[in-house]
Amino acid sequence: MAAHPRPCGYVAGVDLGGTKLRAALADLDGLVLAEQVQPTDPRGGTAVAAQIDALLRELAARAGVDWSDVRASAIGLPGVPDPATGAIELSPNVSDLEALDVRAELTRRLGHPVVLDNDVNMAAAGERWLGSGRTHRHFVFVAVGTGVGMGIVLDGELVRGARGAAGEISYLPLGTDPFDKDNQVKGALEEAVAGAALAARYRAVSGEQASVPDVFDRAAAGDPGALAAIDEEARLIALAVVAVTAVLDPEAVVLGGGIGSRAELVEPVRRWVAALSADAPLIKTSRLGDRAGLLGAVAVARREAGVRDDAPAHRNTSFQTAEGR
């Protein structure tokens, strides 16, 4: 039987963060033709929508692509899209998204279908497509950095839950007092393991100020306080991993984010998980790093454009772009 011809066209992916906006234009085989990172417009809301519109059109022009040939866009955002209103809830890092129908605004501006999802879900989609989840039908992507979140892939598909909030593990009652109202804004687990908590933990044992990268650098140099702070970070993450495993039974847990993707963290997390459970999943580090969300958005946009296979024909597994990035 003759193979069906692949559809023609292009897609766009966006990873929107509180400080950075990453965007890429790709063909339907998944080859990234143009990519750029710029500071997120601090005004938020419609200003960010206009910024996304302008940046994607600029990437198309740079790649020599007629905008009318771009068939779909997918945007990962730091929050939970409300399927009824299109507004973004739980998004403190980008202002005014909760008062805007983001999907309708972007669809109007871009002129083609737009898919919105939580940024960690998009990162999980990236790991499923090209990263550490490629060989697993059931895995979770746990992001630990400035915040904490989780994307869930079961039977090869993203799981979003009734309100789109599946995987909001920052609210697990672990690490700090979950009944303390101050810990209910960002979540008890996030208060215990996010970047600010790791830096504070090091300060408490050493009396010195240090950024999260500095803490890891000092641990590599043998600093006892830094080693202790990272080991406690791993212990708390392990508690979350075991809790998630008891409910979802994944084959693998992929650690990502600015902290989670640090190679120095995976072994202590494995050690603590093994101490808690004899039947532990594989614990892996993200293969895509800070590009997981962007590549996941490209993968989701490809599906929206009608591409049903998960493997790019170009085998873009080196994560290079046609621009020679």
Start with the C-alpha gap between Leu189 and Tyr171, add the side-chain angles, then the distance that decides, and say whether side chain to side chain contact (heavy atoms under 4.5 Å, CB included) holds.
CA-CA 6 Å; Leu189 181 65; Tyr171 295 99; over 6 Å; no
Heavy-atom check, side chain of Asn183 versus side chain of Asp177, under 4.5 Å | yes
Output for pair (Tyr10 OH, Asp66 CG), nearest 0.5 Å, gives 9.5 Å
Does Thr176 reach the side chain of Glu190, with side-chain heavy atoms less than 4.5 Å apart?
no
Exercise. Are Arg71 and Glu304 within salt-bridge range, i.e. N to O under 4.0 Å?
Worked result: no
**Item:** Any Leu239 side-chain heavy atom under 4.5 Å of Leu236 side chain
**Value:** yes
Output for pair (Leu110 CG, Ile52 CD1), nearest 0.5 Å, gives 8.0 Å
Value for CD1 (Ile75) from CG (Leu116), rounded to nearest 0.5 Å, stands at 5.5 Å
Smallest heavy-atom separation, Trp129 atom then Ala299 atom, equals CE3-CB, 3.6 Å
| request: Could you tell me whether the side chain of Gln184 and the main chain of Pro178 form a donor-acceptor pair under 3.5 Å? | output: yes
- Tell me, with the steps shown, if Ser286 and Glu127 meet side chain to side chain donor-acceptor pair (under 3.5 Å). CA-CA 7 Å; Ser286 166; Glu127 295 292 342; 2.4 Å; yes
Show your working on salt bridge (charged side-chain N to carboxylate O under 4.0 Å, His left out) between Arg303 and Glu157 and close with a plain yes or no. CA-CA 12 Å; Arg303 283 196 168 195; Glu157 298 295 331; 3.1 Å; yes
Could you state whether Ile152 and Val115 fall into the same hydrophobic cluster, counting links through intermediate Ile, Leu, Val, Met, Phe, Trp or Tyr residues with side-chain heavy atoms under 4.5 angstrom apart? no
*asked:* Using a strict threshold of under 4.0 Å (side-chain N to carboxylate O), is an ion pair present between Glu35 and Arg291?
replied: yes
NZ/NE/NH1/NH2 to OD/OE distance under 4.0 Å, Asp117 and Arg160: yes
d(Leu59 CG, Trp67 CH2) to nearest 0.5 Å is 8.5 Å
Ala297 and Met122 have their tightest heavy-atom pair at CA-SD, 3.7 Å
Query raised in the report: Are side-chain heavy atoms of Val153 and Val140 found at a separation under 4.5 Å?
Result: no
For Leu294, the other hydrophobic cluster members (4.5 Å side-chain criterion, sorted by chain and number) are none
Heavy-atom closest pair (Pro268 atom, Ala234 atom, distance to 0.1 Å) is CB-CB, 3.6 Å
query: Leu16, Leu55: one ILVMFWY side-chain cluster at the under-4.5 Å cut-off?
result: yes
Between the CD atom in Glu233 and the CG atom in Leu198, the distance rounded to the nearest 0.5 Å is 4.5 Å
Indicate if Leu288 and Val32 have the same hydrophobic cluster label, given that clusters are the connected sets of ILVMFWY residues with side-chain heavy-atom separations under 4.5 angstrom. yes
task: Walk me through it: do Val253 and Lys284 pass the test side chain to side chain contact (heavy atoms under 4.5 Å, CB included)?
output: CA-CA 6 Å; Val253 175; Lys284 307 171 77 171; over 6 Å; no
- Query: With distance as the sole criterion, is a donor-acceptor pair present between the side chains of Gln36 and Arg22 under 3.5 Å?
  - Reply: no
Hits for salt bridge (charged side-chain N to carboxylate O under 4.0 Å, His left out) against Asp155, two or more places apart or cross-chain, chain-then-number order -> Arg137
Contacts of Glu267 meeting salt bridge (charged side-chain N to carboxylate O under 4.0 Å, His left out) (sequence neighbours excluded), chain-then-number -> Arg270
Shared ILVMFWY cluster between Ile283 and Val247, side chains joined below 4.5 angstrom? yes
Worked verdict on His112 versus Thr107 for side chain to side chain donor-acceptor pair (under 3.5 Å): CA-CA 6 Å; His112 56 233; Thr107 300; over 6 Å; no
Inset, instruction - Give a yes or no on whether the backbone of Leu28 and the side-chain of Arg302 come within a donor-acceptor separation of less than 3.5 Å. - result: yes
Looking only at heavy atoms, the pair that brings Ala24 and Leu56 closest together is O-CD2, 4.4 Å
Examine the side chains of Ser277 and Asp279 and answer whether a donor and an acceptor come within less than 3.5 Å of each other. no
| query | Does the side chain of Thr46 come under 3.5 Å of the side chain of Glu105 through a donor N or O and an acceptor N or O? | reply | no
Exercise. Does Asp231 pair with Arg235 as a salt bridge, N-O distance under 4.0 Å?
Worked result: no
Taken to the nearest 0.5 Å, the spacing of Asn118 CG from Glu168 CD works out to 5.5 Å
- Query: Is there side-chain contact between Val144 and Ile237, with at least one heavy-atom pair below 4.5 Å?
  - Reply: yes
Looking only at heavy atoms, the pair that brings Ala166 and Gly161 closest together is CB-N, 3.7 Å
**Item:** Residues Val242, Val273; criterion side chain to side chain contact (heavy atoms under 4.5 Å, CB included); working and verdict
**Value:** CA-CA 7 Å; Val242 170; Val273 168; 4.2 Å; yes
* Ignoring hydrogens and angles, tell me if any N or O in the side chain of Asp29 forms a donor-acceptor pair with the backbone of Leu31 under 3.5 Å. => no
Tested for side-chain contact (heavy atoms from CB on, under 4.5 Å) against Ile230, the lone hit among Ile259, Asp223, Leu265, Val212 is Leu265
Begin with the C-alpha distance, continue with both residues' side-chain angles, and end with the deciding distance and a verdict on side chain to side chain contact (heavy atoms under 4.5 Å, CB included) for Ile169 and Val142. CA-CA 9 Å; Ile169 60 169; Val142 177; 3.9 Å; yes
What one should report as the nearest heavy-atom pair of Val148 and Ser170 is O-CB, 3.6 Å
Note to self: Strictly distance-based, threshold 3.5 Å: is any side-chain N or O of Arg201 a donor or acceptor partner for the main-chain N or O of Glu232?
What the structure shows: no
Next item on the list: Taking Glu251 for its side chain and His138 for its backbone only, find out whether a donor-acceptor pair lies under 3.5 Å.
Entry: yes
- Donor-acceptor contact present, side-chain Ser132 to main-chain Thr285, <3.5 Å: yes
Give a yes or no on whether Val254 and Val269 share a hydrophobic cluster (residues Ile, Leu, Val, Met, Phe, Trp, Tyr; joining criterion: side-chain heavy atoms under 4.5 Å apart). no
